[in-house]
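Read the structure below first, then the notes.
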Protein chains: 4
Amino acid sequence: MKEQLAQIIRDLNLKGWSPATSTNYSFKDDQGQLWVSKSGRDKAYFEAEDFMTITDEGKGMGAYETVKPSDETLIHIKIYALFPETKVVLHSHAEGPVVLSMLESEQVAFQGFEVQKGFKGQTSHEDQIQIPIIENAQDMILFQSWMEERKNEFQHYCFIIKGHGTYAWGNSLFEAKRHLETLDYLCSCKLALKKIK
Amino acid sequence: MKEQLAQIIRDLNLKGWSPATSTNYSFKDDQGQLWVSKSGRDKAYFEAEDFMTITDEGKGMGAYETVKPSDETLIHIKIYALFPETKVVLHSHAEGPVVLSMLESEQVAFQGFEVQKGFKGQTSHEDQIQIPIIENAQDMILFQSWMEERKNEFQHYCFIIKGHGTYAWGNSLFEAKRHLETLDYLCSCKLALKKIK
Amino acid sequence: MKEQLAQIIRDLNLKGWSPATSTNYSFKDDQGQLWVSKSGRDKAYFEAEDFMTITDEGKGMGAYETVKPSDETLIHIKIYALFPETKVVLHSHAEGPVVLSMLESEQVAFQGFEVQKGFKGQTSHEDQIQIPIIENAQDMILFQSWMEERKNEFQHYCFIIKGHGTYAWGNSLFEAKRHLETLDYLCSCKLALKKIK
Amino acid sequence: MKEQLAQIIRDLNLKGWSPATSTNYSFKDDQGQLWVSKSGRDKAYFEAEDFMTITDEGKGMGAYETVKPSDETLIHIKIYALFPETKVVLHSHAEGPVVLSMLESEQVAFQGFEVQKGFKGQTSHEDQIQIPIIENAQDMILFQSWMEERKNEFQHYCFIIKGHGTYAWGNSLFEAKRHLETLDYLCSCKLALKKIK
């Protein structure tokens with residue numbers, strides 16, 4: 001898993017989704033242990049050994065006790081807590097959703113795109129779906145409380161943080177990646193439409 | 001053919017044309033047997049063994065009897081039925097045609113682009129050509145009936161599905177790829193013009 | 001030279017500058033013989049052996065007598081005739097200049113860009129430079145006559161064909177590539193400015 | 001360092017940040033000696049041996065006495081003089097900041113972007129930060145004087161030259177790259193917002 005996820009992290013970086021050492025990633029191993037990316041790694045060179053184990057409070061543990069995990073580790077921990085079947089959490093700073101989120105308020109709606117079916121459970125392009133946009137915060141405890149409050153809006157295994165980026169998750173790496181790509185694509189198309197209308 | 005097409009599928013994915021496991025592909029082998037891509041494959045990792053044989057009704061056959069083919073297999077089958085010389089059918093979710101199709105009605109017109117000559121039989125940029133846009137549908141039988149009705153509009157070996165993507169075909173992999181790239185490029189240029197005008 | 005230029009052709013294709021088998025390239029060897037790319041090659045797979053020798057009238061010669069050269073061979077021949085020091089001629093269908101050319105009339109002006117210095121002889125961003133836009137034509141004899149008439153406008157080793165693409169040349173592969181990239185970049189920036197203003 | 005920086009230079013070029021042999025780079029070695037990129041190198045092929053040592057006046061020295069350094073060597077030298085802890089200086093011609101700089105006056109402001117934290121010392125997206133835009137000049141002595149005058153505005157280890165590109169620096173290659181990517185990303189997002197508003 002570490003090798004596979006590290007490869008995907010490098011690939012996503014090539015698309016420009018992780019500028020300036022941004023973004024962070026996590027997975028739950030077969031023993032139920034959480035692993036998260038270390039703080040401040042350049043994603044162009046991300047390797048399997050750039051993951052570390054963490055406690056439930058988001059501190060380094062075991063061999064990694066003195067290592068600094070990603071600043072946003074508590075966001076990951078909250079996702080696993082709210083949706084216990086989650087195995088992988090991905091993050092992106094892709095321009096499409098970041099720019100779009102600055103033009104929308106609390107949610108962004110999509111309708112009429114075939115790719116909406118990339119979200120698990122969606123079977124038609126005809127449904128209107130809503131993806132929540134959460135205000136950005138540097139205070140992770142505050143942000144966790146907002147996640148808790150808005151849990152019911154997380155119907156599609158993802159959300160956007162305004163001016164910051166996207167989080168998407170799934171019960172496998174395959175599924176989490178599909179959700180992340182679905183959200184990015186939808187935001188990018190919607191932004192292109194806004195450039196014209 | 002399987003190896004060559006699988007390589008092209010991975011290359012098209014690198015351009016962002018297959019987000020979130022979307023798109024599907026097919027070819028007719030020397031014995032006239034249809035092969036289509038299996039359902040739900042991540043195109044970043046598509047391999048020769050991700051193709052399967054299908055019956056005329058779009059079910060898995062032979063060694064693949066229990067395997068699920070692409071959800072859009074019936075679109076492929078209809079193209080081969082309408083245009084029996086077809087050997088390869090390609091599909092794309094590239095943003096250009098998807099976004100453009102949401103801004104146009106039943107057809108999109110192109111004129112004055114040298115690349116129009118990428119469509120077989122076109123010899124000048126001066127002609128105005130029309131590419132049909134078909135409504136998206138999850139009901140493949142219904143969609144097949146629309147294809148049948150609009151067959152005469154398929155002058156350029158391709159069509160667009162609104163909010164979904166493009167299909168293009170040809171009597172060889174080389175030709176099908178050229179048609180797909182031609183349509184994508186024309187849509188992308190037209191969309192750029194719309195951003196200004 | 002063949003190997004080097006073939007590599008550059010594949011690299012330019014990766015940037016999306018050669019969709020649908022479009023674009024063509026040529027060079028003059030140490031004996032003064034012209035080599036041009038064969039017709040209809042997919043630039044993703046362009047190899048050294050995809051060049052062929054041609055006569056002064058643009059027909060295949062020697063071992064290549066029966067091979068079809070690029071449809072635009074006469075454009076290449078005219079550039080070498082008008083500017084005898086030319087060693088390499090490059091071509092691009094990049095979206096930036098193609099779309100921009102459809103929004104401008106006979107010339108496009110650039111001023112204030114540092115990259116203008118990429119054109120040989122330019123020493124400042126302060127100069128206003130004009131790049132000619134020629135109407136597209138399928139009749140190569142007619143097009144050659146337009147090139148002849150407008151020779152004096154070819155101050156910067158390049159021109160644009162409306163809705164078609166760019167040509168750039170130089171006394172070396174290095175110089176021709178620099179001129180091609182300079183023109184593409186300037187057009188792309190100007191197009192971005194037009195999207196806002 | 002030479003090998004690492006050369007690799008990064010080739011990677012940045014792949015993103016389109018160094019068209020037409022533009023951009024230049026430098027570093028200070030462990031002995032305090034400055035190395036700068038040689039003039040006119042195509043960044044697609046930049047190698048470790050394309051760096052040269054220079055004197056404090058920006059002339060080639062030692063084995064490189066007769067070699068021409070980058071035309072903008074004096075900009076690099078001034079950055080090291082103004083900020084003596086600097087170890088690496090990077091430069092980019094990325095379209096985002098170049099186009100944006102032509103639409104703004106003396107400074108460009110950013111607020112609300114998480115990636116602002118890519119600048120050393122920034123801890124929140126809530127702060128409004130200002131990045132200086134300096135007029136372009138071919139006279140490097142004049143440009144140095146402008147840098148001197150505006151030193152106090154260089155709070156974020158970078159500036160933009162109008163219609164030209166960005167410079168960013170840091171106390172390590174890692175930090176300089178992070179600053180360069182941060183500025184590019186912010187400019188690109190702001191430009192996208194301007195296309196809509």
Side-chain angles (χ1 to χ4, degrees), chain B residues 4-5 7-12 14-17 90 92 94-97 100 110-120 122-129 156-158 166 168 170 172-197, chain C residues 10 13-24 38-46 50 70-72 75 91-104 133-140 142-143 160-167 187-197:
Chain B
Q4 255 187 299
L5 182 47
Q7 179 66 55
I8 284 173
I9 289 170
R10 292 192 301 269
D11 290 347
L12 296 178
L14 275 180
K15 297 206 262 184
W17 292 14
L90 305 176
S92 157
E95 261 187 52
L100 184 66
F110 300 102
Q111 190 167 29
F113 293 99
E114 175 70 10
V115 166
Q116 294 173 212
K117 289 165 62 188
F119 290 133
K120 186 160 65 176
Q122 287 300 302
T123 56
S124 174
H125 62 284
E126 291 174 0
D127 299 327
Q128 194 192 62
I129 59 176
H156 303 294
Y157 313 93
C158 63
T166 61
S172 65
L173 177 50
F174 176 82
E175 194 179 275
K177 179 171 182 268
R178 198 184 69 221
H179 290 158
L180 190 77
E181 289 183 4
T182 298
L183 180 55
D184 176 78
Y185 178 88
L186 290 172
C187 289
S188 187
C189 286
K190 183 135 190 171
L191 192 63
L193 285 169
K194 276 183 183 274
K195 284 178 185 163
I196 290 161
K197 282 174 176 170
Chain C
R10 293 193 301 270
N13 176 68
L14 275 180
K15 297 207 262 184
W17 292 14
S18 314
T21 80
S22 68
T23 70
N24 37 76
K38 296 175 187 172
S39 182
R41 287 294 183 276
D42 186 329
K43 301 311 178 293
Y45 312 112
F46 198 90
D50 292 323
S70 162
D71 283 341
E72 291 161 36
I75 296 179
H91 182 30
S92 156
H93 282 233
E95 261 187 53
V98 167
V99 171
L100 184 66
S101 71
M102 296 178 100
L103 298 164
E104 303 276 345
I133 301 173
I134 309 181
E135 282 296 316
N136 197 12
Q138 299 304 326
D139 178 343
M140 287 294 113
L142 176 63
F143 193 84
I160 306 173
I161 309 179
K162 195 182 281 285
H164 179 152
T166 62
Y167 275 94
C187 289
S188 187
C189 287
K190 182 134 191 172
L191 191 63
L193 285 168
K194 276 184 182 272
K195 284 178 184 162
I196 290 161
K197 281 173 178 172

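Convention: sequence-line order gives letters A, B, ...; per-chain numbering from 1. Source: prediction; values computed, not measured.
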- Item | A137(C), part contacting chain B, at a heavy-atom distance under 4.5 Å | backbone
- Would you name the heavy atoms of S124(B) and Q116(B) that are closest together and state the gap between them? O-NE2, 4.1 Å
- Message: If I measure from the heavy atoms of chain B, does V98(C) come under 4.5 Å with its side chain, its backbone, both, or neither?
- Response: side chain
- Query: How about H125(B) and F113(B): are their ring centres within less than 6.0 Å of each other?
  - Reply: no
- Under a 4.5 Å heavy-atom cut-off, does chain C meet the side chain of E175(B), its backbone, both or neither? neither
- Message: Which atoms of F174(B) are under 4.5 Å from chain C, going by heavy atoms: the side chain, the backbone, both sets, or neither?
- Response: side chain
- Side chain / backbone / both / neither for L100(C) at chain B, heavy atoms under 4.5 Å: neither
- Query: Relative to the ring of F119(B), is the ring of H179(B) parallel (under 30°), tilted (30 to 60°) or perpendicular (over 60°)?
  - Reply: tilted
- Message: Does any backbone or side-chain atom of A192(C) lie under 4.5 Å from a heavy atom of chain B? Answer side chain, backbone, both or neither.
- Response: neither
- Dump the intermediate steps for side-chain contact (heavy atoms from CB on, under 4.5 Å) on Y45(C) and D50(C), then the final yes or no. CA-CA 10 Å; Y45(C) 312 112; D50(C) 292 323; over 6 Å; no
- With chain B, which of E95(C), K197(C), H93(C), Q138(C) has the greatest number of heavy-atom pairs at distances under 4.5 Å? Q138(C)
- Query: Given a strict heavy-atom distance threshold of 4.5 Å, which part of K15(B) is in contact with chain C: side chain, backbone, both, or neither?
  - Reply: neither
- Contact origin within K190(B) toward chain C - heavy atom pairs under 4.5 Å: neither
- Item | Most chain B-contacting option - heavy-atom pairs closer than 4.5 Å, from M102(C), K162(C), K194(C) | M102(C)
- Message: Assess the residue pair T23(C) and W17(C) against the criterion (side-chain contact (heavy atoms from CB on, under 4.5 Å)); give the C-alpha distance rounded to whole Å, side-chain angles, the decisive distance to 0.1 Å, and a yes or no.
- Response: CA-CA 8 Å; T23(C) 70; W17(C) 292 14; 5.6 Å; no
- Message: Strictly distance-based, threshold 3.5 Å: is any side-chain N or O of R178(B) a donor or acceptor partner for the main-chain N or O of A20(C)?
- Response: no
- In terms of heavy-atom proximity below 4.5 Å to chain B, should E135(C) be classed as side chain, backbone, both, or neither? neither
- Task: State, without any angle test, whether S22(C) and E114(B) hold a side-chain donor-acceptor pair at a distance under 3.5 Å.
- Result: no
- Task: Please step through side-chain contact (heavy atoms from CB on, under 4.5 Å) for the pair E72(C) and Y167(C), ending with a clear verdict.
- Result: CA-CA 11 Å; E72(C) 291 161 36; Y167(C) 275 94; 2.6 Å; yes
